[in-house]
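To keep things clear, I will list the structure first and then write my remarks on it.
Heavy-atom basis, side chains included; hydrogens, waters and symmetry copies ignored. A note on names: the letters A, B, ... follow the listed sequences, proteins ahead of strands, and every chain is numbered from 1.
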Amino acid sequence: MVKVILPDGNSLEYTRRVTPLEVAGDIGKRLAKATLAAEVDGQLIGCDTVLPAEDEVRLRLITDRDPEALDLMRHSCAHIMARAVMRLFDGVQLAFGPTIENGFYYDFLSEQPISDEDFPRIEAEMRKIIKADEPFERVVLPREEAIALCRDLGQTLKVEHIEQGLADQETVSFYRQGEFVDLCRGPHVPSAGKLGALKLLSVAGAYWKGDAQREQLQRLYGTAWFRQEELDDYLRKVEEAKRRDHRVLGRQLELFMIDPKVGSGLVMWLPKGATVRRELESFIYGELLRRGYQPVYTPAIGRVELYETSGHYPYYKESQFPPIDMAAHWGEGDKYLLRPMNCPHHIRIYQSKPRSYRDLPLRLAELGLVHRYEQSGELSGMTRVRGFTQDDAHIFCTEDQVADEFRGCLEMTQFVLKTLGLENYRVRLSFGDRSSDKYVGSAETWDRAEAALEQVCREMPGLPEPHIELGEAAFYGPKADFVVNDCIGREWQLGTVQLDYNLPSRQRFALEYIGPDNQPHEPVMIHRAPFGSLERFVGMLIEHFAGAFPLWLAPEQVRVLVVSQKFEEYARQVERRLAEAGLRVTGDYRPEKVGAKIRDAQMELIPYMFVIGGREQDTGGVAVRDRLEGDLGTMPVGEALEKLQAEIAAKTVRKTA
RNA sequence: GCUAGCGUAGCUCAAUCGGCAGAGCAGCUGAUUUGUAAUCAGCAGGUUGUGGGUUCAAGUCCCUCCGCUAGCUCCA
């Protein structure tokens, strides 16, 4: 006797062992049709898997309205895609085919290259399979038989996986779909006909088991949704992301450029982008001064010896520009490194004189230009570059001060993000793994620091609940990262606060301060950067605002334009008045139609247009046009000016289209 | 770095089987003097990323290098 208890409290009783599908059938035909899988004791199982032999079973039937269902269905899509590929290409070996956010992929080892030109016929084959609606059958085999089966099928990658990856399992499950058999934990939807609207998206390279030394596989990406509207929606969102691409907008709006002749990954800020940056810089300097930081300037290169002491050389040699060897060129002289980070310079400032506990915390800040030689395939617009500017600071403090300083860093980052309207973010605390020996510093120090960091985060008003990732810390100390969601939901890792027990240590720079006991002590160092890097941050901002910056950041804030050149003299007076008030203003006095001038200003995403014609000239006013709201009507110049100044002072962020 | 794809005017793109490199926008010149998202006309703009090869003939086919894109690997 088995009692099957449903989430709504109802139950059914059976004298035999049943499958979820049978249960669903007993409740109603429609439900049976909609049921894709089931959850028993928190575990997902397939529709045709018999329920466990227990007196009472809590069963939840899963239909396409449940969140788990999408994942399940996408995984089945991956199988169907693999089946289609096996039919169309010879000698294909299967690797893995998991689901991912928004879709699925499958990795293939194939002598024949698969390209996106093959997508139509793969999709057609998939449609054929879906139409045939054959069931997914679960087959469980003992290990040895499973290995033999994969060997027979010529699937040596799968053989390897069973032998190594699944070494501890006595039985291994397979799913059969017509002629297609694949090693898989499951579950799957009951049959191919249950798959929703899908589309293959791209083909890319990947490595077997993620190891660059192993076989290179071909990865086919696809997306799948239960309903066509959802697929269309998703594709629209992808298009939207493309429309906001900072590389495209950066060129259109003349914000920045990257010139292969100057070098890959080296960003040049054009006048308009430089204006955005300058505004951000002055904002950040204001905050630094308000919060007791002391800005410094240090050079972008340093002697190799400096980095030998810091441990950055030769440890990170592959990701650095190689040393400049003066001796090799001139017969004498030192070797210099383009600095990959600012800390050593700041440390030497700290060490330039004896420090007392009364000097601490010492907060040295700098917008420091650093260079790292990222792999060519990694470069991307402003977000992954070879030269970038960190809004960096290093805090030297006593252990007792760590919590307060850490709190101050979080507050500042929080404030900066809020000011820019980036309210949707999470905080990731990366802690050490005590069982590993890669970390410097004592376990007690780490315990204390991590407990303090966590407590500070939790006590911080307005800060989202941090989530802790063990073993993700840098070897030199735990850290907190801010992962920001932009307005279309993409994640960006930006600001970071990191504790450092390594550089101050005796093995490195041997930092000291004289304590109240008149004895030397080792300070703790905190690295922090609310933006991360100006390049990445502005790249993200471009996409977040789709190029339409808030007024205080806009490269051009007002465009004065005349209805006819007859009004040029008056308009130039207005323009001069705005410029003298500190606004970034330009005038459009071309003999074009108003519509054309408005269109141009609109395309350049200029926040305000002041239109001037006879009416305005006669009344001493301007017709204000808002980039988003359109015509706001005519008002006196003074009033319009005050309105804009208020918006700038408040750093208002308005919702963008 | 790896795999795949791509590289034509400042930008977006066209050029059939290998057969005279072309358009729109932007730019310049002229006309137009305009009331809230594109006035008209003309002109100019190119060693088809680089270097080599095949061919009577190469934007097109082959090789090299450079760069870009997607993904992988990486990100102190």
Side-chain angles (χ1 to χ4, degrees), chain A residues 100 105 107 109-110 113-118 201-221 242 245 247-248 251-252 254 257-265 307 310-313 315-320 339-341 343-344 370 372-381 383-386 388 473-477 479 493 496 498 500 502-503 527 532-533 536 559 561-568 589-604 609-616 623-627 629-634:
Chain A
I100 49 173
Y105 69 77
D107 285 345
L109 184 61
S110 163
I114 304 171
S115 87
D116 50 12
E117 283 168 25
D118 299 313
L201 294 177
S202 58
V203 56
Y207 299 104
W208 172 239
K209 305 242 165 175
D211 181 349
Q213 306 306 314
R214 296 294 308 264
E215 296 87 335
Q216 176 106 32
L217 310 170
Q218 303 197 54
R219 175 171 298 179
L220 259 58
Y221 284 92
K242 259 189 222 156
D245 190 323
R247 293 164 301 190
V248 176
R251 182 171 42 233
Q252 274 170 10
E254 297 183 4
M257 63 179 278
I258 294 167
D259 178 12
K261 190 141 185 165
V262 170
S264 298
Y307 302 99
S310 73
H312 295 119
Y313 190 89
Y315 202 52
Y316 294 104
K317 208 173 168 184
E318 336 64 59
S319 53
Q320 291 167 1
R339 71 172 169 199
M341 59 227 324
C343 354
V370 299
R372 298 178 188 179
Y373 198 80
E374 303 292 354
Q375 299 181 80
S376 57
E378 264 314 311
L379 302 175
S380 174
T383 53
R384 200 71 198 276
V385 293
R386 285 183 174 156
F388 56 99
F475 73 91
Y476 51 77
K479 61 174 180 171
Q493 204 224 287
T496 178
Q498 312 191 356
D500 189 341
N502 177 47
L503 291 177
H527 310 249
S533 93
R536 174 176 293 188
R559 169 82 42 99
L561 53 95
V562 288
V563 166
S564 145
Q565 284 181 315
K566 280 182 281 195
F567 312 112
E568 179 168 347
Y589 306 112
R590 293 172 303 165
E592 291 285 347
K593 285 169 57 174
V594 195
K597 295 185 208 180
I598 289 193
R599 179 168 198 273
D600 288 345
Q602 201 74 43
M603 301 279 280
E604 288 175 59
M609 283 151 260
F610 286 3
V611 182
I612 287 172
R615 289 200 291 277
E616 287 70 29
V624 177
R625 183 191 160 95
D626 183 300
R627 159 179 74 188
E629 320 260 329
D631 191 0
L632 300 182
T634 299

Does A:Ser264 have a side-chain nitrogen or oxygen under 4.0 Å from the phosphate oxygens OP1 or OP2 of B:C68? yes
With C1' as the reference atom in both, quote the distance from B:G67 to B:G51 in angstrom, rounded to an integer. 15 Å
Round to the nearest Å and state the distance from A:Tyr105 atom OH to B:A4 atom P. 19 Å
Syn versus anti for B:C17, judged by chi lying within 90° of 0? syn
Length of the line joining A:Asp259:CG and B:G49:P, which is rounded to integer Å: 17 Å
Spacing of the C1' atoms in B:U3 and B:G46 (rounded, Å): 33 Å
Assign A:Arg625 to base, sugar-phosphate, or nothing according to its heavy-atom contacts below 4.0 angstrom with the strands shown. base
For RNA chain B, what string of dots and brackets results from 5' to 3' when Watson-Crick and G-U pairs need both distances under 3.5 Å, crossing pairs get [ ], and pairs with another strand get |? (((((((..((((.....[..)))).(((((.......))))).....(.(((..]....))).))))))))....
Do any N or O atoms of the protein come closer than 3.5 Å to N or O atoms of nucleotides 25-30 of chain B, and which pairs are they?
none

Ion pair A:Asp259/A:Lys261, N-O distance below 4.0 Å: no
Would you say the side chains of A:Glu616 and A:Thr634 form a donor-acceptor pair under 3.5 Å? yes
Value in whole Å for how far the P atom of B:U36 lies from CD of A:Glu629: 19 Å
Using the P atom on both, measure B:U8 against B:U48 and round to a whole Å. 12 Å
Heavy-atom donor-acceptor pair, A:Gln320 side chain to A:His312 backbone, under 3.5 Å: yes
Quick one: is B:A70 close enough that its OP1 or OP2 comes under 4.0 Å of any side-chain N or O from A:Ser202? no
Backbone of A:Arg590 reached by a side-chain donor or acceptor of A:Lys597 within 3.5 Å: yes
If the C1' atom of B:U16 is compared with that of B:C74, how far apart are they to the nearest Å? 45 Å
Closest approach to the side chain of A:Tyr316, judged atom by atom: which nucleotide of B:A76, B:C2, B:G67 is it? B:A76
Measuring from the side chain of A:Arg219 (C-beta onward, heavy atoms only), which nucleotide among B:G35, B:C72, B:A70 has the closest atom? B:C72
Within this structure, what is the CZ-to-P distance between A:Arg247 and B:C11, rounded to whole angstrom? 16 Å
Mark yes or no for a side-chain to base donor-acceptor pair under 3.5 Å between A:Arg384 and B:C75, with no hydrogen or angle criteria applied. yes
Mind checking whether A:Tyr315 and A:Phe475 have parallel, tilted or perpendicular rings, split at 30° and 60°? perpendicular
Backbone of A:Gly265 reached by a side-chain donor or acceptor of A:Arg386 within 3.5 Å: no
Indicate, with a heavy-atom threshold strictly under 4.0 Å, whether A:Lys566 touches base, sugar-phosphate, or nothing. sugar-phosphate
NZ/A:Lys593: more than 12 non-hydrogen atoms of other groups inside 6.0 Å: no
Under-4.0 Å salt bridge between A:Arg625 and A:Asp631: no
Ignoring hydrogens, what is the shortest heavy-atom contact between A:Ala204 and A:Tyr221? Give both atom names and the distance. CB-CE1, 4.0 Å
Rounded to the Å, how far apart are A:Glu604 CD and B:A38 P? 15 Å
Has the side chain of A:Gln218 got a donor or acceptor atom sitting under 3.5 Å from an opposite partner on the base of B:G71? no
Under 4.0 Å, heavy atoms only, any strand: does A:Arg372 hit a base, just the sugar-phosphate, or nothing? base
Donor-acceptor contact present, side-chain A:Ser380 to main-chain A:Thr383, <3.5 Å: no
Does one side chain, of A:Gln498 or A:Tyr476, offer a donor that lies under 3.5 Å from an acceptor on the other? yes
Distance, rounded to the nearest Å, where A:Ile598 contributes CD1 and B:U39 contributes C1': 16 Å
Which part of the nucleic acid, if any, lies within reach of A:Gly595 when heavy atoms closer than 4.0 Å are counted: base, sugar-phosphate only, or nothing? sugar-phosphate
Would you indicate, yes or no, if B:U12 has its OP1 or OP2 atom less than 4.0 angstrom from a side-chain nitrogen or oxygen of A:Arg251? yes
Looking at B:A37, B:C74, B:G67, which one has an atom nearest to any side-chain atom of A:Gln602? B:A37
Can you measure A:Leu217 atom CG to B:C72 atom P for me and round it to whole angstrom units? 13 Å
Among B:G35, B:A76, B:U33, find the nucleotide with the atom closest to the side chain of A:Ser319. B:A76
Does A:Arg599 place a side-chain N or O at less than 4.0 Å from the phosphate oxygens OP1/OP2 of B:G35? no
Once you apply a heavy-atom cut-off of 4.0 Å, does A:Val611 come out as touching a base, just sugar-phosphate, or nothing? base
Can you tell me which nucleotide in B:G35, B:A76, B:G67 comes closest to the side chain of A:Gln498? B:A76
Mark yes when over 12 heavy atoms from residues, nucleotides or ligands other than A:Tyr589 sit less than 6.0 Å from its OH; otherwise mark no. yes
Of the candidate nucleotides B:U39, B:U33, B:G35, which contains the atom at the shortest distance from the side chain of A:Lys593? B:U39
CD of A:Gln493 versus C1' of B:A76: gap in Å, rounded? 13 Å
Rounding to the closest angstrom, what is the interatomic distance between B:G49 and B:U69 at atom C1'? 15 Å
With heavy atoms under 4.0 Å as the rule, sort A:Glu254 into base, sugar-phosphate or nothing. nothing
